[in-house]
Visitor: 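Below you'll find the structure I mean.
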Amino acid sequence: MIKEIVTDAEALSAPAQPATIDDVSVAIDLLDTMASLENAASLAANQIGSDKAVIAYLDEQDSPHVMMNPKILRALGPYKAEESCFSHEAISKVTRFARIEVSYDEVSEALLHPADEAAPADAQLVRRKKRLEGWEAELVQHGIDHCKGKLV
């Protein structure tokens, strides 16, 4: 379901709660909302009114990905960046890292029908690790900042 973008600074500054398998609908809402926005490359759950640690982003081929409970394990190559955000009008100056290793949870079974509101009965969250660099790394770092309640 397409959700309205949250711009309330107080709501956006609250740290996210851990996501569970019951939060698959939040991931689907993130993907639907991101697809509905022109030039959207990433969104975090707090931007659509959920307090769960879930982010969605597009890779270099514009394929969508969801990370539940993402955490940066390693970050290399710091640089200064200016970023825009759907929830914040001003451009933010931030330090990002060119390469990151992130751990996250994903649903063990691919959702067969994106319109489904829940995960399949036998689905569970599986912990994964991924190395990212460049644009994808920046998008994931932006989303993780949102999960921490950091306004960017």
Visitor: Please check this pair: side chain of Thr33 against backbone of Lys3, looking for a donor-acceptor N/O pair closer than 3.5 Å.
Guide: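 Yes, Thr33 side chain to Lys3 backbone: donor-acceptor pair under 3.5 Å.
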Visitor: Are there over 12 heavy-atom neighbours, none belonging to Lys148, within less than 6.0 Å of that residue's NZ?
Guide: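 Not more than 12 within 6.0 Å, no.
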Visitor: The criterion is side-chain hydrogen bond (donor to acceptor under 3.5 Å, both in side chains); which residues satisfy it with Asn69, sequence neighbours excluded?
Guide: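 By the side-chain hydrogen bond (donor to acceptor under 3.5 Å, both in side chains) rule, Asn69 matches Asp105.
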Visitor: Is there a donor-acceptor pair closer than 3.5 Å between any side-chain N or O of Glu136 and the backbone N or O of Glu60?
Guide: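 Flag set: sc Glu136 to bb Glu60 pair under 3.5 Å.
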Visitor: For Glu4, which residues count as a side-chain contact (heavy atoms from CB on, under 4.5 Å) partner, sequence neighbours excluded?
Guide: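 Residues passing side-chain contact (heavy atoms from CB on, under 4.5 Å) with Glu4: none at all.
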Visitor: Write down the atom of Val66, the atom of Ala27, and the distance for their closest heavy-atom approach.
Guide: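 Smallest interatomic distance, heavy atoms only, reads CG1-CB, 3.7 Å.
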Visitor: Suppose the criterion is ring-ring contact (aromatic ring centres under 6.0 Å, His included): which pairs have a residue in residues 6-27, not counting sequence neighbours?
Guide: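 Sorted pair list comes back empty.
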Visitor: Determine which pairs satisfy ring-ring contact (aromatic ring centres under 6.0 Å, His included) with at least one residue from residues 129-152, sequence neighbours left out, and list them in order.
Guide: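 For residues 129-152: His142-His146.
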Visitor: Could you state whether Ile28 and Met68 fall into the same hydrophobic cluster, counting links through intermediate Ile, Leu, Val, Met, Phe, Trp or Tyr residues with side-chain heavy atoms under 4.5 angstrom apart?
Guide: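 Ile28 clusters together with Met68.
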Visitor: Quick test of your reading: applying side-chain hydrogen bond (donor to acceptor under 3.5 Å, both in side chains), list the pairs with at least one residue in residues 6-15, sequence neighbours left out, ordered by first then second residue.
Guide: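 For residues 6-15: none.
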Visitor: Without placing hydrogens or testing angles, list every side-chain donor-acceptor pair under 3.5 Å for residues 89-97, not counting sequence neighbours.
Guide:
unit_1, atom_1, unit_2, atom_2, d
Thr95, OG1, Lys80, NZ, 2.9
Arg96, NE, Glu83, OE2, 2.7
Arg96, NH1, Asp145, OD2, 2.7
Arg96, NH2, Glu83, OE1, 2.9
Arg96, NH2, Asp145, OD2, 3.2

Visitor: Which is it for Ile55 and Leu43 under the side chain to side chain contact (heavy atoms under 4.5 Å, CB included) test, yes or no, and what are the steps along the way?
Guide: CA-CA 6 Å; Ile55 65 171; Leu43 278 179; over 6 Å; no
Visitor: Taking all heavy atoms of Asp62 and all of Leu58, pick out the closest pair and write down the distance.
Guide: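 So the minimum-distance heavy-atom pair works out to O-CD2, 3.7 Å.
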Visitor: Please find the pair of heavy atoms, one from Cys147 and one from Val54, that lie closest to each other, and give the distance.
Guide: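 So the minimum-distance heavy-atom pair works out to SG-N, 4.0 Å.
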Visitor: When you look at Lys129 and Leu73, which way does the side chain to side chain contact (heavy atoms under 4.5 Å, CB included) test go after all the steps?
Guide: CA-CA 9 Å; Lys129 287 183 183 176; Leu73 302 174; 3.8 Å; yes
Visitor: What residues, two or more places apart in sequence or in another chain, satisfy side-chain contact (heavy atoms from CB on, under 4.5 Å) together with Ala40?
Guide: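 So Ala40 forms a side-chain contact (heavy atoms from CB on, under 4.5 Å) with Met34, Leu37, Phe86.
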Visitor: Which pairs, with at least one residue in residues 30-63 and sequence neighbours excluded, count as a ring-ring contact (aromatic ring centres under 6.0 Å, His included)?
Guide: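 Matches after skipping sequence neighbours: Tyr57-His65.
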Visitor: Does the side chain of Ile144 reach to within under 4.5 Å of the side chain of Val102, using non-hydrogen atoms?
Guide: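 Yes; the side chains approach each other to less than 4.5 Å.
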Visitor: Compare all side-chain heavy atoms of Ile72 with those of Gln141 and state whether any distance is below 4.5 angstrom.
Guide: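 They are in contact (side-chain heavy atoms under 4.5 Å apart), so the answer is yes.
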Visitor: Can Arg128 and Ser103 be said to form a side chain to side chain donor-acceptor pair (under 3.5 Å), step by step?
Guide: CA-CA 6 Å; Arg128 304 274 191 222; Ser103 67; over 6 Å; no
Visitor: Tell me which pairs pass side-chain hydrogen bond (donor to acceptor under 3.5 Å, both in side chains) where either residue lies in residues 36-47, with sequence neighbours left out.
Guide: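 Applying side-chain hydrogen bond (donor to acceptor under 3.5 Å, both in side chains) to every pair that reaches into residues 36-47, excluding sequence neighbours, yields Gln47-Ser87.
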Visitor: Taking it one step at a time, do Val140 and Met67 satisfy side chain to side chain contact (heavy atoms under 4.5 Å, CB included)?
Guide: CA-CA 9 Å; Val140 169; Met67 293 181 165; 4.0 Å; yes
Visitor: Looking only at non-hydrogen atoms, find the nearest pair between Leu31 and Pro64 and report the distance.
Guide: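 Scanning both residues completely, I find the closest heavy atoms to be CD2-CB, 3.6 Å.
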Visitor: For Arg74, what residues pass the side-chain hydrogen bond (donor to acceptor under 3.5 Å, both in side chains) criterion, not counting sequence neighbours?
Guide: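 Applying side-chain hydrogen bond (donor to acceptor under 3.5 Å, both in side chains) to Arg74 gives Glu101.
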Visitor: Which heavy atom in Val6 sits nearest to a heavy atom in Leu12, and how many Å separate them?
Guide: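 For Val6 and Leu12, the tightest heavy-atom pair comes out as O-CD1, 3.8 Å.
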Visitor: Please report the shortest heavy-atom distance between Pro70 and Ala53, naming the atom on each side.
Guide: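 Reported closest heavy-atom pair: CD-O, 3.8 Å.
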Visitor: Looking at residues at least two apart in the chain, or sitting in another chain, which of them share a salt bridge (charged side-chain N to carboxylate O under 4.0 Å, His left out) with Glu138?
Guide: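 Residues passing salt bridge (charged side-chain N to carboxylate O under 4.0 Å, His left out) with Glu138: none at all.
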Visitor: Spell out, yes or no, whether Leu30 and Ile5 are grouped together once hydrophobic residues are joined by side-chain heavy atoms under 4.5 Å, including indirect joins.
Guide: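 Same hydrophobic cluster.
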Visitor: Going by side-chain hydrogen bond (donor to acceptor under 3.5 Å, both in side chains), name the residues that satisfy it together with Arg99, two or more places apart in sequence or in a different chain.
Guide: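 Result, side-chain hydrogen bond (donor to acceptor under 3.5 Å, both in side chains) vs Arg99: none returned.
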Visitor: Taking side chain as C-beta onward, heavy atoms only, is Lys71 less than 4.5 Å from Tyr104?
Guide: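 Of all side-chain heavy-atom pairs linking Tyr104 with Lys71, none is under 4.5 Å.
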